[in-house]
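Let me begin by presenting the structure, written as structure tokens, before commenting on it.
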Amino acid sequence: MRIVAPPGTVDALPEEVRTNRFVEAVFMDKCRLFGYSEIHTPVFEYGGLFEKGVGKVTDIIEKELYSFTDKSGARLALRPEGTTSVTRAVLQHGLNRELPAKLCYKITCYRQENPEEGRLREFHQIGAECYGSEDPRSDAEVISLAFEALRAMSVENLTLNINSVGCPRCRVSFENELARYLLPFANRGELCPTCAERLGKNPVRVLDCKEAGCRAVKAGAPKVVDYLCPDCLEHYERVKACLRAMNIPFDEKPGLIRGLDYYNRTVFEFKGGGGGANGTVGGGGRFDALSRRIGGEADLPAVGFAIGEERVVLAMSDGGSGAAAPEKPAAWVVAEDAGAAAGCLLALRSAGVRAEGDVMGLSVEEQLARAAESGARWAVFPEKGGLRIKNLATGEERPASDAAEAVRIINKG
Ligand code: HAM
């Protein structure tokens, strides 16, 4: 029997974890600078939450949601994304009483997709959401946060695509026009069965279908941005003006819509690395109606984004190797007597020194060889009445009366 993990999941080995931690640390540091506080939400929620939030007629819900019934009969689902859960938590805990509420997160997400490079069934997102403002400045602020973070992660060939998908009012005329355009293709059997089925329910979804036939149809389709009402148009212009003022380069993509139904007005995606279908390293937009979609009393203006950690690592200029240097121990404790070694290690570690010692039953000579291989600067020998400490780079040795003195020598370098 081969021992393997399920398809679409990956084990992150220590080197990869170090890269992931680097990515997360860069992100959280940027979040701190922008005034966002971290929030944690559960890995699973009531299944209906995502249906209402993300939209019933989307790939994420129709094809990809991991849902199950627990022993109590409750229908639950693993989160496919963070925004719906964070919005649920904001409403549940009244975080919308003091606005803006600026929240960030690092989470695992689950989508039953066809696994390939950069497309997993369990993946990691880092993201941020700003609640409480309709002002284009908040759209520009979250885009700027994502941009600064991705740049600091040295994502190669970073580009930003933006669009506006309007508000429900201006969307009606667009959706009617789109359905009119798509109908002849459906009648001729040129749409995939899912899109043909979705035409009457949610025609916009045809525009992000990955099937070759539907992608060809998309090219001549009406563009949502051409149907914006004056307010949405003004909002879009002001977002672009803010981005220009911040020197954030962007491309307008009139065909950009996103795979989740909760967006209105601004939508955006960041591409990086070699491009391609899985070159989208992050995406987001405004989602003013999500609060009401999931049962809140009213809309709650909000805008945010999420970045795919695995995608970022693929797009980093050094593949993440720059971040992955393992930390070397400062000291290696070499001793024949296990008790003496343990006491010395404890004293060093308690004083904050990264110290290692033998756990394999090695001889003193073998321990010394390990100390040298580890790259430790110091070998520490517990001896009767004190310690001996050796600089492994120069070979120089000196006595230390106790662990505290050894720590002082080690910390001096
Ligand atoms: P999303 O575009 O579905 O948006 O996902 C955000 C990012 O997660 C993508 O750009 C991609 O980098 C990564 N990602 C998505 N699916 C996969 C996958 N199967 N494997 C690996 N990485 C993946 C959202 O999830 C929204 N909640 C973003 C948002 C936040 N909008 C507003 N606030």
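Just so you know, residue 1 is the first one in the sequence shown, and it goes up from there. Hydrogens, waters and symmetry mates play no part in the numbers below; they use all other heavy atoms, side chains included. Note that the structure is a prediction, hence the values are computed from the model and not measured.
Rounded to the nearest 0.5 angstrom, L387 CG and F381 CZ are separated by 11.0 Å. Atom CG of L120 is separated from atom OH of Y110 by 11.5 Å, given to the nearest 0.5 angstrom. Between the CG atom in D299 and the CG atom in N264 there is a gap of 8.0 Å [rounded to 0.5 Å].
Judged by distance alone, with hydrogens and angles left aside, the side-chain atoms of N391 form a donor-acceptor pair with the main-chain N or O of A393 at under 3.5 Å. Put simply, the side chain of D358 never gets that close to the backbone of Q367: no donor and acceptor are under 3.5 Å apart. Side chain of D251 to main chain of N161: no donor-acceptor pair is present (N/O by atom type, distance under 3.5 Å, no hydrogens or angles). Of the possible donor and acceptor atoms, none in the side chain of R75 sits under 3.5 Å from a partner among the backbone N and O of F68.
The number of heavy-atom neighbours closer than 6.0 Å to OH of Y46, taken from other residues, nucleotides and ligands shown, is 12 or below. For CD of E297, the number of neighbouring non-hydrogen atoms (other residues, nucleotides, ligands) closer than 6.0 Å is 12 at most. Residue-environment remark: CZ (F44) stays at or below the threshold of 12 foreign heavy atoms within 6.0 Å. By the 6.0 Å contact criterion, CZ on R137 is open, its count of non-hydrogen atoms from other residues, nucleotides or ligands being 12 or less. A 6.0 Å sphere centred on CG of D29 holds more than 12 heavy atoms belonging to other residues, nucleotides or ligands. At most 12 heavy atoms of other shown residues, nucleotides or ligands fall within 6.0 angstrom of atom CD in E197. Within a 6.0 Å radius of CZ in R370, no more than 12 heavy atoms belonging to other residues, nucleotides or ligands are found. Taking a 6.0 Å sphere around CD of E397, one finds it holds more than 12 heavy atoms contributed by other residues, nucleotides or ligands.
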Side chains of residues 371-379: which donor-acceptor pairs under 3.5 Å do they make with residues two or more places apart or in other chains?
| from | atom 1 | to | atom 2 | distance (Å) |
| --- | --- | --- | --- | --- |
| S374 | OG | A371 | O | 2.7 |
| S374 | OG | A376 | N | 3.1 |
| R377 | NH1 | G413 | O | 3.3 |
| R377 | NH2 | G413 | O | 3.0 |

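With no hydrogens or angles considered, a side-chain donor-acceptor pair links E366 and S363 at under 3.5 Å. Between the side chains of S72 and D70, at least one donor-acceptor pair of N or O atoms lies under 3.5 Å. No donor-acceptor contact under 3.5 angstrom links the side chains of E237 and H235, judged on distance only. For the residue pair T159 and K271, no side-chain donor N or O sits within less than 3.5 Å of a side-chain acceptor on the partner. Between the side chains of N278 and E116, at least one donor-acceptor pair of N or O atoms lies under 3.5 Å. Between the side chains of E45 and S85, at least one donor N or O lies within less than 3.5 Å of an accepting N or O. Counted by atom type alone, T83 and Y262 present one or more donor-acceptor pairs between their side chains at under 3.5 Å. When only modelled atom types and interatomic distance are considered, Y105 and E129 share a side-chain donor-acceptor pair under 3.5 Å.
Between C209 and C192, the closest side-chain pair of non-hydrogen atoms falls below 4.5 Å. S138 is listed as a side-chain neighbour of R286, based on a closest heavy-atom distance under 4.5 Å. The shortest distance between side-chain heavy atoms of C130 and F305 does not fall below 4.5 Å. A heavy-atom distance below 4.5 Å is found between the side chains of R121 and P7. Within the 4.5 Å cutoff, no side-chain heavy atoms of K106 are placed close to those of F27. Using a 4.5 Å cut-off on side-chain heavy atoms (C-beta onward), V57 and E62 make contact. Between C109 and P80, every side-chain heavy-atom pair lies at or beyond the 4.5 Å cut-off. Put simply, the side chain of E24 reaches to within 4.5 Å of the side chain of E309, judged on heavy atoms.
Note on ring orientation: taking the six-membered ring where Trp is involved, the planes of F287 and Y131 are perpendicular (angle over 60°, cut-offs 30° and 60°). Ring geometry, Y36 versus F34: the interplanar angle falls from 30° to 60°, so the pair is classed tilted.
Across every non-hydrogen atom of P203 and L182, the tightest pair is O-CD1, 3.9 Å. The shortest non-hydrogen separation linking Y66 to R111 is CE1-C, 3.7 Å. Scanning both residues, F174 and V224, for their nearest heavy atoms gives CE1-N, 3.4 Å. Closest heavy-atom contact between V17 and A12: CG2-O, 3.4 Å. Considering every non-hydrogen atom in both V54 and E81, the closest pair reads CG2-OE2, 3.8 Å. Closest of all the heavy-atom pairs between I39 and A89 is CD1-CB, 4.1 Å.
A cation-pi contact links R188 to F185, judged by a cut-off of 6.0 Å to the six-membered ring centre and 45° from its axis.
Just one residue in the list N163, L233, V165 forms a side chain to side chain contact (heavy atoms under 4.5 Å, CB included) with V225, and that residue is N163. Of the candidates T87, L76, T84, L49 forms a side chain to side chain contact (heavy atoms under 4.5 Å, CB included) with just one, namely T84.
The side chain to side chain contact (heavy atoms under 4.5 Å, CB included) test applied to R244 returns K240, F250, not counting sequence neighbours. In terms of the side chain to side chain contact (heavy atoms under 4.5 Å, CB included) criterion, residue partners of D261 (sequence neighbours excluded) are, by chain and number, T58, N202, R205, R293.
The pair K328-E356 fails the salt-bridge criterion, with no side-chain N (NZ, NE, NH1 or NH2) lying under 4.0 Å from an Asp/Glu carboxylate O. Salt bridge annotation for K253-E269: absent, with no cationic side-chain nitrogen under 4.0 angstrom from a carboxylate oxygen. At a threshold of 4.0 Å, the pair R198-D59 counts as salt-bridged, since one of the basic side-chain nitrogens sits closer than that to a carboxylate oxygen.
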